[in-house]
*Asks:* 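Here it is, the structure in full.
As the structure is a prediction and not an experimental result, all values here were calculated from the model.
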Amino acid sequence: MADANDEDLYDEFGNYIGPELDSSSDEESSLEEENNNGQQDAPDDASDVSYDNNNSSMVAAGEAQDVSATADPINAVVLHEDKDHYPSAEQTFGEGVRTAVLDEDAMDLDTPIVEPVVIKTHHVDSGSSTEYVYSDEYLTTILSNETTRTRRGIALVGHFHHGKTSLIDCLMEPTLQKPWGPRAALEGQAPRFTDMLKTEQERQMSLVSTPLTLLLSDTRGKSHGITLVDCPGHTQFHDESVAALRSVDGAVVVVDAVEGVMMHTELLLQQIVSDGLPAMLCITKVDRLITELKLPPRDAYFKLLNLVDSANQILEIASCGRLKDLLHPSKGNVSFSSALHGWLFTLPSFAQVYADHNDDTLGNISSKEFSTRLWGDWYWDEETRKFYGSPKHCSTPRVERSFVTFCLEPLYKVYTACLGEQEEDANKLLRSLGILLKREQLRSSARPLLRAALSKFFETATCGFVDMIIKHT
């Protein structure tokens, strides 16, 4: 029977479902009875005096009750809302300090809760608003020709900061409807069209190879579609130049007139020989020989001669003496330029310009024959009006080489007139060279005047760069 009653008290899961138990109330009542019995058996003086365990001191019963009433703070029961988790402002800053507490809604937010989507770009949009003097349809017609007579692909390679990007800007400026002007180029504000990355614009250096197709004219006025690949000059990006050389028809090696042939230039010349590409040379920053080094024309000629010889020596070593078409200014595969002042010429194009301005000086000599005698040991005798291979045969004393007489000395005169002469004297000297400028240009400062005069003087000579590319590729 006991087992049956136990089964009624528990469910199938073992939970107690019987009547409520009064165990807690019974225990409390038993404890109260024991306390009352203990108080009755205690002596009379027990309520007044209590002894400690060691019987060494006596404590009054009333004081013991007060001590038990104020318990240890650690063991005290404190409600959650009465707890102090952080010190108050008065405890932190001291008394007399005024504190202001603002609600979260009243505080200013520096950033929005839901930030707008920001599209990050690494490229500079410089070519979308560019307007050329020719139409895109005409350029497409030139490039889609079945023959390769009207199109070329050229890689501009060279050492770091030797002026490759500035050279492309110099060639591109005449093809624009709105050129950026001489002052922008002189102050370093040229657009640098082939630097498409923002990091390239900020660092003023090319990081990747960038192609640019332009419609350029030669000295005869014929248009050609030239694709120029601007290659980075830093040695860390040598692979960009190597990849560009695999996809072009020829290479133009850019060399600084002051720094000369550098280590990366030598590596590029060796790569050009191994790829079997025709090599051309462009000596840039020739103006530094005049304005910075202040070399006389004769010393400037020897400096340029040394650059050409150094490049030819590297080509001969790289080709083991099998390369026959070496660099020589008389052949037209060497050009001289200054992108800062906006001029560029080769000896054939300069001979044509000189022949147009000074027909009586050359006599019956053609411009082609004249260009072959503008480099090397050729001397012009003013009295006999002939070229000689030695100054001993000349009647005129102290005769300089023909390159110094016909190329460097007129160039030095233009620099001298624009940088140090008065307006009237400069106008007179420039008119003698066939340079006609407006009054506003003559009254401008020295550097814009210099760029305007030189770009006017070498206006058709710049086309010699296209002749060099078409002839030697």
*Asks:* Excluding sequence neighbours, so at least two apart, what forms ring pair (Phe, Tyr, Trp, His ring centres under 6.0 Å) with His238?
*Replies:*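 His264.
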*Asks:* NE2 of His341 to CG of Asp287: how many Å apart, nearest 0.5 Å?
*Replies:*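 So the NE2 of His341 and the CG of Asp287 are separated by 5.0 Å.
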*Asks:* Between Asp377 and Arg401 (salt bridge meaning N to carboxylate O under 4.0 Å), is one present in this structure?
*Replies:* yes
*Asks:* Going by the ring-ring contact (aromatic ring centres under 6.0 Å, His included) test, name the single residue among Phe458, Phe465, Tyr415, Phe457 that passes it with Trp343.
*Replies:* Phe458
*Asks:* State the CG-CD distance between Asp230 and Glu240, to the nearest 0.5 angstrom.
*Replies:*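 Those atoms lie 11.0 Å apart.
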*Asks:* I'd like to check the salt bridge (charged side-chain N to carboxylate O under 4.0 Å, His left out) partners of Lys303; sequence neighbours left out, ordered by chain and number.
*Replies:* none
*Asks:* In terms of heavy-atom contacts, does CD of Glu409 have more than 12 from other residues, nucleotides or ligands at under 6.0 Å?
*Replies:* yes
*Asks:* Show which side-chain atoms of residues 387-397 pair as donor or acceptor with protein atoms under 3.5 Å away, not counting sequence neighbours.
*Replies:*
from	atom 1	to	atom 2	distance (Å)
Tyr388	OH	Thr384	OG1	3.4
Ser390	OG	Lys392	N	3.4
Thr396	OG1	Asp381	OD1	2.8

*Asks:* According to salt bridge (charged side-chain N to carboxylate O under 4.0 Å, His left out), who are the partners of Asp309, at least two apart in sequence or on a separate chain?
*Replies:* none
*Asks:* The criterion is side-chain hydrogen bond (donor to acceptor under 3.5 Å, both in side chains); which residues satisfy it with Thr405, sequence neighbours excluded?
*Replies:*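 For Thr405, no residue satisfies side-chain hydrogen bond (donor to acceptor under 3.5 Å, both in side chains) once neighbours in sequence are set aside.
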*Asks:* Please check if the number of heavy atoms outside Gln422 that lie under 6.0 Å from its CD is greater than 12.
*Replies:* no
*Asks:* Name all residues meeting the side-chain hydrogen bond (donor to acceptor under 3.5 Å, both in side chains) criterion together with Thr141; count only those two or more places apart in sequence or in a different chain, and write none if there are none.
*Replies:* none
*Asks:* If the condition is salt bridge (charged side-chain N to carboxylate O under 4.0 Å, His left out), which residues does Arg373 pass it with, not counting sequence neighbours?
*Replies:*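 Salt bridge (charged side-chain N to carboxylate O under 4.0 Å, His left out) check on Arg373 returns Glu369.
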*Asks:* Using the rule side chain to side chain contact (heavy atoms under 4.5 Å, CB included), only one of Val253, Val273, Val157 pairs with Leu268; which is it?
*Replies:* Val157
*Asks:* Sequence neighbours excluded, which residues qualify as side-chain contact (heavy atoms from CB on, under 4.5 Å) partners of Lys222?
*Replies:*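 Partners of Lys222 by the side-chain contact (heavy atoms from CB on, under 4.5 Å) criterion, ordered by chain and then number, come out as Thr150, Asp218, Arg220, His224.
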*Asks:* For Thr284, what residues pass the side-chain contact (heavy atoms from CB on, under 4.5 Å) criterion, not counting sequence neighbours?
*Replies:*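 Per chain and number, Thr284 pairs via side-chain contact (heavy atoms from CB on, under 4.5 Å) with Val254, Cys282, Ser337.
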*Asks:* Any salt bridge between Glu131 and Lys178, counting N to O under 4.0 Å?
*Replies:* no
*Asks:* Would one find more than 12 heavy atoms of other residues, nucleotides or ligands at under 6.0 Å from atom CD of Gln177?
*Replies:*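 Counting neighbours around CD of Gln177, more than 12 heavy atoms of other residues, nucleotides or ligands fall under 6.0 Å, so yes.
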*Asks:* Aromatic rings His162 and His159: how do their planes relate, parallel, tilted or perpendicular, breaks at 30° and 60°?
*Replies:* perpendicular
*Asks:* Not counting sequence neighbours, which residues clear side-chain contact (heavy atoms from CB on, under 4.5 Å) with Gln271? List them please.
*Replies:* Val242, Leu245, Arg246, Ser274, Asp275
*Asks:* Between Asp169 and Arg192, is there a side-chain heavy-atom distance shorter than 4.5 Å?
*Replies:* yes
*Asks:* For Cys407, check side-chain contact (heavy atoms from CB on, under 4.5 Å) against everything at least two apart and list the hits.
*Replies:*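 Leu347, Phe350, Leu374, Phe403.
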*Asks:* Quick check: do Arg288 and Asp256 have side-chain heavy atoms less than 4.5 Å from each other?
*Replies:*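 Result yes, sub-4.5 Å side-chain heavy-atom pair found.
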*Asks:* Taking Met280's backbone N and O only, do any of them form a donor-acceptor pair with Asn333's side chain (distance below 3.5 Å, no angle check)?
*Replies:* no
*Asks:* List in chain and number order the residues that pass salt bridge (charged side-chain N to carboxylate O under 4.0 Å, His left out) with Asp299, two or more places apart in sequence or in another chain; answer none if no residue qualifies.
*Replies:* none
